[in-house]
Structures are given as structure tokens and as C-alpha cells.
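Quick note on labels: first sequence line is chain A, next is B, and so on, each numbered from 1.
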There are 2 protein chains.
Amino acid sequence: MLQGLMQNQPLLISSLIDFAQRHHGDAEIVSRRVEGDIHRYTYKDVARRSHQAARALDALQLKFSDRVATLAWNGYRHLELYYGVSGSGRVLHTINPRLHPDQIAWIANHAEDQVLCFDLSFLPLVQAVHAKCTSIKHYIALCDADKLPEGSGIPGLCSYESWLAPHAPEYEWPSFDENSASSMCYTSGTTGHPKAALYSHRSSVLHAYATALPDVMCLSARDSVLPVVPMFHVNAWGIPYSAALTGCKLVFPGPAMDGKSIFELIEAEGVTFAAGVPTVWQMMLGHMQANGLKFSRLNRTVIGGSACPPAMIHAFQEDYGVEVLHAWGMTEMSPLGTLCTLKNKHLSMSKEEQMKIRLKQGRAIYGMDMKIVGEDGKEIVWDGKAYGDLHVKGPWIIAEYFKGEGGNPLVDGWFPTGDVATIDADGYMQITDRSKDVIKSGGEWISSIDIENIAVAHPAVAMAACIGVKHPKWDERPILAVVKKPGAEVTREELIKFYEGKTAKWQIPDDVVFVNAIALGATGKMLKTRLREMLKDYTLPAH
Amino acid sequence: MLQGLMQNQPLLISSLIDFAQRHHGDAEIVSRRVEGDIHRYTYKDVARRSHQAARALDALQLKFSDRVATLAWNGYRHLELYYGVSGSGRVLHTINPRLHPDQIAWIANHAEDQVLCFDLSFLPLVQAVHAKCTSIKHYIALCDADKLPEGSGIPGLCSYESWLAPHAPEYEWPSFDENSASSMCYTSGTTGHPKAALYSHRSSVLHAYATALPDVMCLSARDSVLPVVPMFHVNAWGIPYSAALTGCKLVFPGPAMDGKSIFELIEAEGVTFAAGVPTVWQMMLGHMQANGLKFSRLNRTVIGGSACPPAMIHAFQEDYGVEVLHAWGMTEMSPLGTLCTLKNKHLSMSKEEQMKIRLKQGRAIYGMDMKIVGEDGKEIVWDGKAYGDLHVKGPWIIAEYFKGEGGNPLVDGWFPTGDVATIDADGYMQITDRSKDVIKSGGEWISSIDIENIAVAHPAVAMAACIGVKHPKWDERPILAVVKKPGAEVTREELIKFYEGKTAKWQIPDDVVFVNAIALGATGKMLKTRLREMLKDYTLPAH
């Protein structure tokens with residue numbers, strides 16, 4: 001066998017920040033801080049301070065692959081840890097602060113975290129859990145020395161700035177096997193304990209290449225990029241890596257996720273591209289509509305995390321001239337798998353026809369592949385109508401969970417996503433439901449998401465969740481739980497009538513239940529398990 | 001050490017065509033054939049026929065890593081071999097038909113080619129060399145069975161179509177080490193024997209990811225791409241791979257490289273992006289100017305292979321609205337290393353200021369790094385003025401040549417390119433010369449390229465080459481060899497006067513020699529060695 005004779009250079013996360021500091025040294029990183037002010041510096045500074053962080057970890061005598069946890073917003077210090085921790089060979093464990101404190105303690109112990117770095121917003125949380133986190137030896141508050149709270153009760157608490165200060169800003173990143181673990185993220189499992197995806201340097205770099213492509217996030221050195229998606233969950237869709245790969249300007253929102261703050265940051269920093277989940281955009285569009293505001297430079301946004309309501313895609317595009325790219329991914333997928341951009345042959349279509357495509361979750365990104373399979377495990381035809389369980393494979397998709405939790409998740413080498421989807425002849429995938437949420441009525445499947453999307457288009461509906469309830473004849477029938485907008489009124493009958501002509505008759509919910517709130521999970525998704533629990537004594541109205 | 005727990009999937013060239021046929025199955029591949037007609041089919045067809053080619057190679061009992069050579073234009077059959085040969089584990093050896101026949105025989109023997117596939121344009125060439133190619137066992141003419149020439153004298157000559165025909169269009173690509181050799185290309189060394197770069201599957205896939213990025217060729221599924229750069233040399237800048245990675249439409253010019261044919265193909269196939277060397281574009285612009293033509297969809301072009309004259313960049317941008325992206329690379333670099341796109345901070349500059357940047361060869365593509373070093377081997381400051389030898393490293397840059405020819409080429413792990421360059425504070429590199437062409441006058445260096453660029457801006461000059469000649473006092477002094485445009489007249493004195501105000505006085509050539517032609521090498525570069533040989537008895541005029 002003949003080996004190619006190319007240079008042997010591992011794909012390491014450290015090479016991303018090396019590249020950015022060498023070739024885009026003065027490109028800006030702008031952060032709204034927990035303190036409320038705006039902090040700005042450059043990739044050169046990120047590199048220098050991540051070198052200091054690496055030295056500080058060496059000084060704590062952390063070994064290769066030791067876990068360093070963060071509880072932090074999107075900001076420059078978090079970015080320094082992304083590079084300082086992974087670059088020096090340790091594993092960055094980003095913790096979702098929206099998890100229940102017991103769950104946070106559980107995952108910190110499961111991950112065997114040695115260090116926890118946290119924004120002061122999360123001081124009460126850390127105070128509540130630190131006694132239960134038995135592996136953590138060092139607590140670092142991401143603040144200046146003079147902001148360090150006294151009498152916190154957290155043993156050895158140190159400010160990040162005084163932790164970095166003694167160390168020189170030069171560091172020679174170690175070179176090692178690109179398959180080494182670089183970072184980890186626990187899934188917000190709605191049942192059982194969370195399970196962790198353990199990313200590698202190789203998977204992170206390949207994901208960064210792939211997601212910066214023109215048909216994905218299309219990142220260039222001419223962009224100013226706002227990741228609203230959190231760095232504490234699936235690495236903000238990899239933007240901390242892909243940004244360095246392209247040398248774009250980075251804008252971090254910190255904790256201020258309200259519509260006004262996000263809008264102002266977009267305008268002040270000439271943001272061209274933003275990535276986020278629908279809930280945040282809903283707040284921002286609300287603020288803009290209320291105040292008659294427009295964007296000056298924002299031209300595209302990637303929306304994912306949960307299915308984006310068609311009305312939002314429409315508002316962004318028609319009212320604000322912002323191209324909306326629907327995306328789909330999972331914690332287990334680093335996270336991006338598909339993105340919805342048009343093909344050459346779609347360019348001559350009408351806007352309405354294009355919109356039908358844009359509502360789908362999109363096409364596979366080169367590197368990952370997908371298929372839909374039936375209950376017999378056989379691949380199902382790509383006709384945009386037949387649906388089945390969505391399976392994926394690729395170098396940035398997990399092979400197993402950390403510590404083998406849950407056993408071997410793969411089926412014939414493919415990862416079953418737990419989503420039910422269609423794929424059309426052009427390769428555009430559309431999630432019809434989570435496999436556990438799909439409603440099986442009379443041998444046919446009803447997509448709970450489709451039913452919810454119709455409901456939220458009603459002017460009086462703030463939030464809607466569709467679940468299946470047992471039915472003696474049809475096995476299951478859909479009912480709709482609805483949270484009304486403040487001050488708005490709508491009746492059960494009006495809502496059921498609202499479905500007429502919008503979906504097949506047998507898919508229309510049998511009942512509407514008005515509730516005060518629908519609980520959301522740590523990543524903003526509706527907790528339907530909670531809803532099912534709440535409605536366990538519910539019985540369908542007689543017809 | 002903790003390994004990441006991601007799927008282990010090697011980066012193989014076969015996965016590119018798998019992806020394209022699955023997710024962009026009906027995207028078009030359009031080829032102008034040697035026969036003169038236009039052939040069109042899809043990625044699905046490429047996949048099916050590359051499967052047939054793989055089976056045909058199996059039938060010839062070719063082993064893993066065996067070399068399969070091509071002498072072919074850019075076209076669909078060549079594309080099928082790119083995938084069929086490399087995908088099945090063999091090594092594609094693209095031969096430059098512009099090399100001297102003796103050199104072609106030499107490299108075919110050096111590579112130990114087993115099979116040679118050739119376009120009928122090259123039949124006389126194959127007839128001339130086949131007796132000397134001792135390793136080649138099978139000759140395949142890239143044509144239909146009924147086009148196969150009779151009495152060619154080439155033993156066992158078979159038509160490509162009858163070679164494929166018996167084989168089924170399904171094939172399961174083998175999986176193997178991504179560092180396996182995939183293809184090879186010999187450099188057109190102006191001295192000594194050619195040396196070969198041996199690319200790997202890994203290097204080819206990483207190069208494909210990197211070069212499709214928005215700051216490089218910016219390839220998407222909305223593009224229609226015309227690689228004028230030949231597939232017989234450095235894999236047409238990797239476009240056969242990056243096109244499949246993005247699912248763009250591909251348009252192949254075949255042998256018709258004249259201005260009229262290229263222009264017509266661009267218009268007929270809605271080409272949005274074209275890549276080529278300056279000489280081809282010169283012909284096309286000439287045709288367009290003469291006929292008052294404009295482009296309808298072409299919006300950008302990457303120009304490389306040799307430094308692009310400023311006048312051409314200007315004409316493309318100002319007269320035709322086509323963005324010109326200056327690129328730089330080498331056979332030893334797969335080939336792309338830098339590309340010239342602007343940064344965020346340049347967008348507010350005037351067109352004139354932007355043009356100064358666009359004239360440079362551009363910024364490093366993530367994955368490769370570069371530096372300039374002085375005669376002491378120490379890195380030189382990036383100020384856009386200081387120049388030194390350009391060194392590069394990265395996973396798609398060679399570590400050594402095939403069979404160890406020329407020994408270890410690396411210096412401290414970096415590949416010395418043989419170019420002299422400056423790098424400015426923003427990381428924009430500009431080639432000032434080939435290190436062997438730079439003229440050393442009085443302890444200072446004069447860039448032969450700078451001197452030539454001034455000359456070709458003169459309306460009477462068709463081609464100009466600047467070389468150094470020995471000088472008793474200054475060590476070397478520049479003289480200019482000039483080919484006049486047909487019917488144009490200009491004197492030595494006029495040309496020397498033309499330099500006034502355009503460069504430092506001491507850099508102005510001491511003499512102008514008018515010649516009928518300047519010989520070009522196999523990749524279109526001026527053969528200055530030939531010119532030096534021709535002018536070896538030349539003496540400088542007395543001042």
C-alpha cells in the first residue's frame with residue numbers, strides 16, 4: 001500500500017486560534033458582560049489569554065484529558081477557556097445552567113470535573129451545588145479580582161483574572177492524536193439521567209470546516225457574527241471554532257437575551273449573521289415590531305434548536321429582508337446535520353414555492369449522511385411524503401455516550417436520532433415529529449408539530465402543545481394544550497374551527513385544554529412529558 | 001488519555017461522489033467533448049459510471065495503490081476516472097500532455113503506471129511514446145467503441161465505453177486508511193527530472209472542504225462552475241472534488257480553450273464561477289472586447305497559476321462586473337494556499353484602496369500556514385515591504401516527493417516554495433518573484449515580475465520577461481525581453497521611458513531585447529531558463 005506523502009498534521013482545536021491570531025489578529029471580539037458593559041478586544045488577545053489559561057491549568061497540575069467545567073454565558077472569557085482548556089489537551093465540559101441543580105451536581109460528578117469556571121450570575125447556583133460536587137477541586141469566578149464576592153462559602157474561590165495574572169501569555173500548544181477528547185456536552189434527556197456526547201479535536205475541526213461552508217453558515221472574514229445560541233450548550237453550534245477558522249468578527253450577547261438588548265447589539269456591531277433558537281427571535285421581532293425598527297446590516301440568520309414557525313420565517317424575510325436558514329442538529333451531532341439553502345434549480349421559482357422548501361430542515365452537510373427507515377429498519381423512499389425514523393452517520397456524530405451509558409446507540413453503524421422525518425427527492429429533510437411525540441391514530445401518524453404550528457398562527461395563542469391521549473377506537477387522538485396571549489380571548493370551538501381547511505379532518509385535535517403555562521426544558525423545548533403527567537386524568541369529550 | 005467518542009469515518013474521496021449522487025443526484029455535469037458536441041448528465045450518472053470504471057479496474061486485476069494514468073482534457077469521462085480510480089483504492093496519475101514526449105514516457109515509467117486512459121486528441125502522442133512506457137499494460141481511448149481508431153499500433157487499445165459496458169453500475173467502495181495515496185501530479189521542473197507530489201485521500205478531502213469556503217472559491221449548490229484550469233494538472237485546483245462536496249453544477253470546456261468557445265459555454269450554461277490561468281482569460285477578454293459582449297451570470301473568477309496582470313483584474317471588475325480573486329498555490333500544495341478576498345474592515349475602503357489589496361496573492365486558507373524567512377532562516381516581519389523566502393505547512397502540502405526524489409524538501413517542518421514574497425500586517429501575501437528569478441542588483445533585490453507587469457501594460461507589448469544579466473559593478477542588472485503585439489511598434493527607448501515614474505530608477509531595465517517568442521512551459525509559465533540560454537552571449541550596452 002502506498003501512503004500519500006503529505007504533511008502529517010493533526011486536526012487540533014489549538015490550530016484554529018493559532019490561525020486566527022496569525023492571520024486575523026486584529027479582528028474584533030465584542031462581548032456584553034455580566035457587568036452590563038461592552039468589552040472589546042481581538043483574536044490576538046484571545047490567543048494570549050488562552051495561553052495564560054493553559055498555563056494556569058498546568059499550574060493546577062491538571063492532567064491530559066482532565067475535565068474543566070464552565071457555567072457561563074457567551075463571552076470572551078468563555079471563549080478563552082474554549083481554547084485554553086481544549087488546546088492544552090484538557091476536556092471542556094460546558095454545563096447548561098438551566099438544568100436542575102441536582103442534575104448539575106450529578107453531571108459534574110459523572111464527568112469527574114476538576115475545575116469549575118462560572119459567571120457571577122451563577123454564584124447562587126454554585127453555592128447551592130458545590131457541596132455535592134465531589135470531584136471539583138478548584139472554583140474560578142469569571143470576573144476581576146475586585147468583583148470576587150467575599151464570604152461566598154465556596155472553598156478556595158478565585159477570580160479568573162487573578163488566576164490568569166501570574167502566567168506568561170506565550171504557550172506552545174502540545175501536539176497529540178486528533179481523536180483525543182476536546183469537549184463534552186450532556187443531553188437534556190427528558191427521561192433518566194443525562195448522557196454525554198464526547199467530542200474530539202478531529203470532529204470539532206471537521207464540523208468547523210463543514211459549517212462555515214457557503215451552503216451552511218457561510219462564514220467569511222467579512223462577517224460580524226452573533227451567536228445567540230449558547231456556548232453552554234453544544235458549543236454554540238461550533239461558532240467559537242468556525243469563527244476563528246474564518247477570522248470573522250464575533251459578537252457575544254452575554255446574559256442579556258431580551259429583544260431590546262439583542263437588537264441593539266446587532267445594530268451597534270454591524271452584525272451580518274446571527275444564530276439562535278426561535279424563542280429569542282420571537283422576543284426580538286416583538287421589540288422591533290413594537291418600535292418600528294429595521295436592521296441595517298443583518299442579512300441572514302440560522303434558526304434551529306426546535307422547528308421554526310413559518311410565520312417567523314416569513315416575518316424575517318418579508319418584513320426585515322433577512323434570509324432565514326432553517327437548521328437541524330442534535331447534541332449528539334456536534335450539532336449541525338442539515339441546513340436549508342436553495343439549489344441552483346430553485347432560483348427561478350416563485351417566492352411561494354421557495355418558501356415551501358425553506359420550511360424544511362434542509363439538506364445534508366457534506367460529511368454527514370442521513371436516511372429514513374421504517375419499522376422494519378429498511379430505508380424509505382425520498383418522496384417528501386413517506387416518513388420514518390431518521391438515522392444519521394458521519395465523523396462529527398457520536399459512536400457512543402461517555403462511559404458507555406445507554407449501551408451501543410448505533411443501528412448498523414447509523415445513529416437513530418429519535419426524530420421522525422420525510423426526505424424529498426432533492427434531499428431536503430423535514431422533521432415531522434419526535435418519534436415519542438408522534439400521535440398514532442387509526443394506523444396513521446399525526447405530527448404533533450404540524451398541529452402546533454397551525455395553533456400558534458392564531459393571534460390569541462402564545463404557545464401550544466399537541467399530545468396524544470388514549471382512545472378506545474383510534475388508539476390515540478390528538479388534543480391541544482394552549483397558553484393564551486395576555487389579554488387575548490379564544491374559545492375551544494373557535495380554535496377547532498381554525499383548523500378547518502388547514503389540515504386533514506382526521507388530524508384536527510379532538511379537544512383544546514387551556515393551561516396557564518407549558519413547562520420548558522433546559523434547552524427551551526416544551527416538556528411534553530410534564531404535560532402528559534399533568535393531563536393523565538384527562539378524558540376525551542364524547543362525540 | 002480520553003478518546004473522543006465520535007464515529008470513526010475515514011476521509012475518503014469516494015464519500016464525495018456518494019454524497020453528490022445521494023443529495024445532489026440530478027445536478028448537471030456538462031462537457032464539451034473532443035468530438036465537438038455538448039454532453040450532459042448528472043452526478044447520479046457520474047456515480048454509476050465511476051462504479052463501472054472501478055469494476056473494470058478490478059477486472060484488470062489492478063492492485064490497491066496501482067497507478068492509472070490519464071492524458072485527458074476536462075470532461076465527464078475524466079471525472080469518472082477521478083472517482084473510479086481513487087475511490088477503488090488505486091492512484092490516479094494525471095499526466096500533463098504539454099510535457100515533452102520523452103518526459104511523459106519518463107514519468108509514466110517512474111510512476112509505474114499500469115493503465116493509460118487518453119482522449120483521442122492525444123493519440124499521436126500516445127503512438128509516439130507507448131513503446132517507451134514499459135510498465136503500462138492497458139491502453140484505453142476515452143471514446144465510443146465506433147470511434148476507436150483502427151491500426152493505431154497501440155497494443156490492445158480498447159475504447160472506454162466498451163471497457164465499461166460489461167460492468168454493473170453498482171459498486172461498494174472499499175473503506176481504508178485515509179492517508180492512502182489517491183492521486184499524483186508531477187511538477188514541471190525546469191531543471192532535472194520532474195518530481196511527483198503524491199496526494200492522499202485525507203489531503204484531498206481537507207483541501208476540498210477548505211477551498212469551498214466563502215473566503216476561497218465560495219462554492220454552493222447555487223453555482224454553475226467552469227474549471228478552465230486543467231484536470232491534467234493539480235486536479236484542476238481540486239474542483240472535481242469540491243464540486244461534488246457542494247453539489248454545484250459543473251461545466252467542462254474539453255479541448256476548446258479559445259476565447260469564443262469559453263465565452264459561449266459560460267453563457268449557455270449559466271456559469272457563475274470560473275477558474276483559470278491568465279493566458280486563457282486574456283483570449284476570452286480579447287474575444288469579448290472585439291465583439292462587444294457581456295456576461296449574464298458570471299460573477300466571480302479565481303485567477304492563479306501565475307501572477308495576474310493588474311490590467312486584467314481591472315478589466316474583469318470594471319468592464320464586466322466580475323469579481324477577480326487572485327489565488328496562489330503549487331503542485332506541492334494540492335494546490336491552493338492563499339486566496340485574495342477582502343476582510344470586514346476593508347469594505348468601507350475606496351475601490352482604489354481595495355484594488356491595492358486585490359493585487360496581492362491573498363490570505364492563508366485555514367489549514368495551511370505560511371511565513372517568510374531571511375537568508376538566516378529567521379522569520380521576517382509582516383509589514384508588506386520586507387521580503388523573504390516563502391515557506392508553508394499544512395495537511396495538504398507535501399512532506400516529500402514520490403520515491404524520495406530530491407531528498408527531504410522540508411526546512412524545520414516547513415516546505416520552502418521557491419517563491420520570494422512579502423506579507424502585510426493583515427496577512428496578505430504578495431509574491432515578488434521566484435527566488436531563482438529575482439535580480440540581485442547592488443545588494444538590493446529587483447522583482448522580475450514587477451518589471452514585467454509594467455511592460456505588459458504598454459499597448460504594444462504582448463509578452464515580456466525580465467531576467468538578470470551579469471554586471472561588473474552591480475552584480476546583476478535587469479534586462480527585458482519583449483514580444484510585440486502583431487502590427488504594433490515600439491522602440492527600446494520608448495519602453496525604457498515608459499518605466500519613468502512607475503518604479504524606482506535603479507530598478508528600470510538597462511536594456512530591451514525584442515524577440516519573436518518567449519517559450520512557455522507545460523503549465524503556461526514563461527521558461528526563463530530558455531531565455532537565459534538564448535541570451536547567454538548578450539552583453540549589456542555601455543552607459
Show every side-chain hydrogen bond (donor to acceptor under 3.5 Å, both in side chains) that has at least one partner inside residues 4-16 of chain A, sequence neighbours left out. A/S15-B/Y366
Check whether [X] gets within reach of chain B through its side chain, its backbone, both or neither, counting any heavy atom under 4.5 Å.
{"X": "A/F64", "answer": "side chain"}
{"X": "A/R297", "answer": "side chain"}
{"X": "A/Y401", "answer": "backbone"}
{"X": "A/V205", "answer": "side chain"}

Does any backbone or side-chain atom of [X] lie under 4.5 Å from a heavy atom of chain A? Answer side chain, backbone, both or neither.
{"X": "B/D223", "result": "backbone"}
{"X": "B/F19", "result": "side chain"}
{"X": "B/S224", "result": "both"}
{"X": "B/N179", "result": "both"}
{"X": "B/Y199", "result": "both"}
{"X": "B/F402", "result": "both"}
{"X": "B/L410", "result": "side chain"}
{"X": "B/R90", "result": "neither"}

Salt bridge flag under 4.0 Å for residues [X] and [Y]:
{"X": "A/R40", "Y": "A/E28", "result": "yes"}
{"X": "A/E323", "Y": "A/R300", "result": "no"}
{"X": "A/K403", "Y": "A/E112", "result": "yes"}

When only pairs under 4.5 Å are counted, which of [options] shares the most heavy-atom pairs with chain B?
{"options": "A/Q3, A/M368, A/K393", "result": "A/Q3"}
{"options": "A/A210, A/A425, A/S182", "result": "A/A210"}
{"options": "A/K249, A/H24, A/K345", "result": "A/H24"}
{"options": "A/A399, A/S183, A/S334, A/C248", "result": "A/A399"}
{"options": "A/G25, A/S180, A/S220", "result": "A/S180"}
{"options": "A/L347, A/D369, A/D66", "result": "A/D369"}

Atom CG of A/D412 with >12 non-hydrogen neighbours under 6.0 angstrom: no
Heavy-atom neighbours of A/N408 CG exceed 12 at 6.0 Å: yes
Member of A/W173, A/F176, A/W396 meeting the ring pair (Phe, Tyr, Trp, His ring centres under 6.0 Å) criterion with A/H201: A/F176
With sequence neighbours left out, what residues match B/W414 under side chain to side chain donor-acceptor pair (under 3.5 Å)? none
Roughly how far, to the nearest 0.5 Å, is OH of B/Y43 from CD1 of B/I17? 7.0 Å
With a 4.5 Å cut-off on side-chain heavy atoms, are A/R363 and A/T341 touching? yes
Evaluate A/H207 against A/N235 for side-chain hydrogen bond (donor to acceptor under 3.5 Å, both in side chains), listing each step before the verdict. CA-CA 11 Å; A/H207 183 265; A/N235 303 324; over 6 Å; no
